[in-house]
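Single-structure report; data block below.
In this text, all values refer to a predicted model and were calculated from it rather than measured experimentally. Both counts, for ligands and for their atoms, begin at 1 and track the order of listing. Numbers for residues simply follow the sequence, beginning at 1.
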Amino acid sequence: MTHYEIVKQNIGNTELCIVSKHRTIDQAMVFYDLGERIFAENRASELIEKALQMPADIRWQYIGHLQRNKVRAVLPYISCVQSLDSLQLAETIERECVRIGKTVDALLEVHLALQDTNKTGMTAEEAYELLRNAERFPHIQMKGLMVMGPHTDDEDAVRAVFLKANELFKDMQKQYPPFQTLSMGMSSDYKIAVECGSTMVRIGTYLFTEEE
Ligand SMILES: *Cc1c(COP(=O)(O)O)cnc(C)c1O
């Protein structure tokens, strides 16, 4: 079986987001031709280049830290910012959406890993604060959470973070029914993420490397 077939079997109904960063268009198109339509990039220039050359029905996801001065360039191409990580970024996206007449989906990126030093994203408190302000951003549809597992081989530590993420997700969903996406799980930890209630895994490395 290919890694793609293994992933599809392991994730069941969980959505698959193909992380095509650092890959060529030809490499990414293999997954398009297999029927995948959700692709992600973490750099504005690479996303724009691929979006311009790949088919228009791809739903592009932005997964890197989005600098506010890049919002204008990438916004026309993306259907979801998975890395919404501050009120200021939401303000910039809202303003730009109004300017170009677009509505965009967003996931709130939260960091829940206790010991990680290079954490990206908001605390749970900051994410609640942003949700409480959701009506200030009518052009941003806040659809859920994006979470990264801790960088460790300790599966129990990874599971603890993903379970915490699922709890937070469910609690936010009670207050904010449009919440439907819990994006968590990458090449190294997607199986644990699915066990912990992930609705979307984001996988790059494992899919793009096949053993000979
Ligand atoms: C690179 C990246 C992924 C995919 O990681 P792999 O280990 O290549 O599967 C997922 N999410 C984010 C935010 C990333 O930057």
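Checking only distances, M148 never comes within under 3.5 Å of ligand 1, N or O to N or O. Checked against a 3.5 angstrom limit, the closest N/O atoms of R202 and ligand 1 fall inside it. The shortest N/O to N/O separation between T205 and ligand 1 falls below 3.5 Å. Of the N or O atoms in S187, one or more lie within a sub-3.5 Å distance of an N or O in ligand 1.
At the top of the distance list for atom 10 (C) of ligand 1, counting protein heavy atoms only, stands M186 SD, 3.2 Å. Looking only at heavy atoms of the protein, atom 15 (O) of ligand 1 is closest to K21 NZ, 2.8 Å. Protein heavy atom in closest approach to atom 12 (C) of ligand 1: I63 CD1, 3.5 Å.
The shortest heavy-atom distance from Q82 to ligand 1 is not under 4.0 Å.
The aromatic rings of H3 and Y206 lie parallel to each other, with less than 30° between the two planes, well short of the 60° mark.
Between E94 and P138 there is a side-chain heavy-atom pair separated by less than 4.5 Å. You'll find the side chain of P55 reaches within 4.5 Å of the side chain of M29, heavy atoms only.
When the shell of 6.0 Å around NZ of K102 is examined, it contains more than 12 heavy atoms from other residues, nucleotides or ligands. Counting heavy atoms of neighbouring residues, nucleotides and ligands inside a 6.0 Å radius, atom CD of E195 exceeds 12 of them.
Within the listing of ligand 1, atoms 9 (O) sit less than 4.0 angstrom from a heavy atom of I203.
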Assess the residue pair Y62 and Y77 against the criterion (ring pair (Phe, Tyr, Trp, His ring centres under 6.0 Å)); give the C-alpha distance rounded to whole Å, side-chain angles, the decisive distance to 0.1 Å, and a yes or no.
CA-CA 10 Å; Y62 200 89; Y77 303 99; over 10 Å; no
Assess whether side chain to side chain donor-acceptor pair (under 3.5 Å) is satisfied between S20 and E41, documenting all intermediate values.
CA-CA 6 Å; S20 53; E41 291 284 336; 2.6 Å; yes
